[in-house]
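To start, the structure itself, in structure tokens.
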Amino acid sequence: MMRASLVRRPIAVEAIVAEVAGEGNGATALFLGTVRSHNDGRDVTGIEYSAYDEMAELEMDWILREAAERFCIAQAVVEHRLGELKVGDASIGVAVAHAHRGEAINALRFIVDEIKRRAPIWKLEHYADGTREWVAAGTGTTP
């Protein structure tokens, strides 16, 4: 199972972990990115995610294929949320399974880093003072 999707509903952690389950897997690595309450010294109340949907899903598929080749994984699932999220909501869920933990963890990190770097997904932060600002992907800072 290799799947990457953009979703407009909460990420079902148990479901993505179940999708990568297999009797030959000795390790499942899971990453949840969550909306935090601060960035660059400012209080954050939420984030609005938007994307070029078709391009983002295509790029995430390519990233999974690259991870499969580099780390010999056969089970990985990515879900990235779009829309308005509040502090504490999960914005991305990635589950990777492998026979060994090292490959699962390395593949997980590669997938998360590459999605942040390459996928056309943007975030608009909402601040406690009522302002909003686009934030550079993967940096946590303003562009």
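Nothing fancy with the numbering, it's 1 onward along the sequence.
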About how many Å separate [atom2] of [Y] and [atom1] of [X], when rounded to the nearest 0.5 Å?
X	Y	atom1	atom2	value
Glu133	His126	CD	NE2	11.5 Å
Met2	Gln75	CE	CD	8.5 Å
Thr45	Asp129	OG1	CG	9.0 Å

Sub-4.5 Å side-chain heavy-atom contact between [X] and [Y]:
X	Y	value
Tyr127	Val44	yes
Ile111	Leu64	yes
Leu30	Ile16	yes
Ile121	Ile92	no

Check ion pair [X]-[Y] (N to O, under 4.0 angstrom):
X	Y	result
Arg42	Glu125	no
Arg118	Glu66	yes
Asp113	Arg117	no

Can you list the residues that meet the side-chain hydrogen bond (donor to acceptor under 3.5 Å, both in side chains) rule with [X], with sequence neighbours excluded?
X	value
Ser5	Arg3
Glu84	none
Arg65	none

Same apolar cluster (I L V M F W Y, side chains within < 4.5 Å links), [X]/[Y]:
X	Y	answer
Met60	Val94	yes
Met1	Val17	yes
Leu82	Leu85	yes
Ile63	Val112	yes
Val96	Ile115	yes

What heavy-atom pair brings [X] and [Y] nearest, and what distance separates the two atoms?
X	Y	answer
Ala56	Leu6	CB-CD1, 4.0 Å
Val7	Glu79	CG1-CD, 4.0 Å
Trp134	Ser50	CH2-OG, 3.9 Å
Met55	Pro120	CG-CG, 3.6 Å

side-chain hydrogen bond (donor to acceptor under 3.5 Å, both in side chains) partners of residues 92-108, not counting sequence neighbours, each pair once: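 Checked against side-chain hydrogen bond (donor to acceptor under 3.5 Å, both in side chains) - neighbours excluded - no pair reaches residues 92-108.
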Heavy-atom donor-acceptor pair, Ser91 side chain to Gly33 backbone, under 3.5 Å: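 Confirmed, Ser91 side chain pairs with Gly33 backbone.
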Qualifying ring-ring contact (aromatic ring centres under 6.0 Å, His included) pairs, either residue in residues 54-77, two or more places apart: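 Counting only pairs at least two positions apart or across chains, the ring-ring contact (aromatic ring centres under 6.0 Å, His included) contacts touching residues 54-77 are Phe71-Phe110.
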Pairs satisfying ring-ring contact (aromatic ring centres under 6.0 Å, His included), at least one member in residues 29-52, at least two apart: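 Only Tyr49-His80 qualify under ring-ring contact (aromatic ring centres under 6.0 Å, His included).
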Stepwise side-chain contact (heavy atoms from CB on, under 4.5 Å) test for Asn25 and Val20: CA-CA 9 Å; Asn25 296 328; Val20 300; 5.6 Å; no
